[in-house]
Asks: 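Pasting a structure here, questions to come.
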Amino acid sequence: DAYGIGIVFCTDIEHTDIIDPEIVNFCRGADILVHDAHFTDKQLESHRGWGHSSYSQAIEVAKLAEVKQLVLTHHHPDHDDTFLRDMEKTCQAQFPNCILARDGMQLFV
């Protein structure tokens with residue numbers, strides 16, 4: 001981290017009914033958090049044990065860990081581009097410095 005930038009990749013992660021405090025501590029203060037956001041909250045209800053998180057869980061981790069930017073990744077294959085664009089807006093209303101990962105995306109800090 002010669003440039004003083006902290007990036008955390010938190011993929012294929014499943015929280016229980018509460019956000020894992022160890023994950024929050026691991027992510028604390030990151031400049032960029034790339035977090036699994038495979039499911040909506042409704043979808044997650046019937047997919048416990050699949051090893052993935054919801055959009056709202058990723059946002060909660062970002063808030064609790066006080067990260068600067070959240071990148072939501074590992075999109076569900078049934079979520080089309082329209083759904084993802086709408087979800088990005090919904091997520092940004094909760095955590096303004098939040099984006100959904102896209103093919104070929106580059107981040108500059």
Asks: Parallel, tilted or perpendicular, judged at 30° and 60°: which one describes the rings of Tyr55 and Phe83?
Replies: tilted
Asks: Do Ile7 and Leu70 share a hydrophobic cluster (ILVMFWY, side-chain heavy atoms under 4.5 Å, transitive)?
Replies: no
Asks: Looking at Glu66, I want to see if its CD is surrounded by more than 12 non-hydrogen atoms of other residues, nucleotides or ligands under 6.0 Å.
Replies: no
Asks: Gln43 and His79: side-chain donor and acceptor closer than 3.5 Å?
Replies: yes
Asks: Does the plane of the ring in His74 sit parallel, tilted or perpendicular to the ring in His52? Use 30° and 60° as the thresholds.
Replies: perpendicular
Asks: Less than 4.5 Å apart, any side-chain heavy atom of Cys27 and any of Glu22?
Replies: no
Asks: Among the clusters formed by ILVMFWY side chains lying less than 4.5 Å apart, do Ile59 and Phe39 turn up in the same one?
Replies: no
Asks: Evaluate Glu14 against Asp20 for side chain to side chain contact (heavy atoms under 4.5 Å, CB included), listing each step before the verdict.
Replies: CA-CA 9 Å; Glu14 182 172 351; Asp20 186 334; over 6 Å; no
Asks: Salt bridge check, Asp80 against Arg85: does any charged N sit closer than 4.0 Å to a carboxylate O?
Replies: no
Asks: When rounded to the nearest 0.5 angstrom, what is the spacing between CG in Asp81 and NE2 in His75?
Replies: 9.5 Å
Asks: Under the salt bridge (Lys or Arg N to Asp or Glu O under 4.0 Å) test, which residues partner Arg102, sequence neighbours left out?
Replies: Glu88
Asks: Side chain to side chain contact (heavy atoms under 4.5 Å, CB included) with Asp86: which residues, sequence neighbours excluded?
Replies: Thr82
Asks: State, yes or no, whether a side-chain contact exists between Leu72 and Met87 at a heavy-atom distance under 4.5 Å.
Replies: no
Asks: Drop me the distance from Ser54's OG to His76's NE2, to the nearest 0.5 angstrom.
Replies: 13.0 Å
Asks: Do Leu33 and Val71 make a side-chain contact, defined as non-hydrogen atoms from C-beta onward lying under 4.5 Å apart?
Replies: no
Asks: Is Lys63 reaching over with its side chain to a backbone N or O of Gln94, donor-acceptor style, under 3.5 angstrom?
Replies: yes
Asks: Please check this pair: side chain of Ser53 against backbone of Ile13, looking for a donor-acceptor N/O pair closer than 3.5 Å.
Replies: yes
Asks: Looking at Phe95, I'd like to know if its CZ atom is crowded, meaning that more than 12 non-hydrogen atoms belonging to other residues, nucleotides or ligands lie closer than 6.0 Å.
Replies: yes
Asks: Are Phe9 and Phe26 linked, directly or through intermediate hydrophobic residues, by side-chain heavy-atom contacts shorter than 4.5 Å (ILVMFWY only)?
Replies: no
Asks: Are Ile32 and Val67 packed together at the side-chain level, in the sense that at least one heavy-atom pair is separated by less than 4.5 angstrom?
Replies: no
Asks: Within this structure, what is the CD-CG distance for the pair Gln69 and Leu107, rounded to the nearest 0.5 Å?
Replies: 5.5 Å
Asks: Of all the heavy-atom pairs spanning Thr16 and Gln57, show the shortest one and how long it is.
Replies: O-NE2, 3.8 Å
Asks: About how many Å separate CD1 of Ile23 and CG of Leu64, when rounded to the nearest 0.5 Å?
Replies: 12.5 Å
Asks: Are Ile19 and Val34 connected, step by step, through hydrophobic side chains (Ile, Leu, Val, Met, Phe, Trp, Tyr) whose heavy atoms are closer than 4.5 Å?
Replies: no
Asks: Decide side chain to side chain contact (heavy atoms under 4.5 Å, CB included) for Lys68 and Ile5; before the verdict, give the C-alpha distance in whole Å, the side-chain angles of both, and the deciding distance to 0.1 Å.
Replies: CA-CA 11 Å; Lys68 293 179 182 153; Ile5 298 168; over 6 Å; no
Asks: Using every non-hydrogen atom in the two residues, find where Cys98 and Gln92 come nearest and quote the distance to one decimal.
Replies: O-NE2, 2.8 Å
Asks: Start with the C-alpha distance between Asp41 and Ser56, add both sets of side-chain angles, then the distance that settles side chain to side chain donor-acceptor pair (under 3.5 Å), and finish with yes or no.
Replies: CA-CA 7 Å; Asp41 289 338; Ser56 64; 2.5 Å; yes
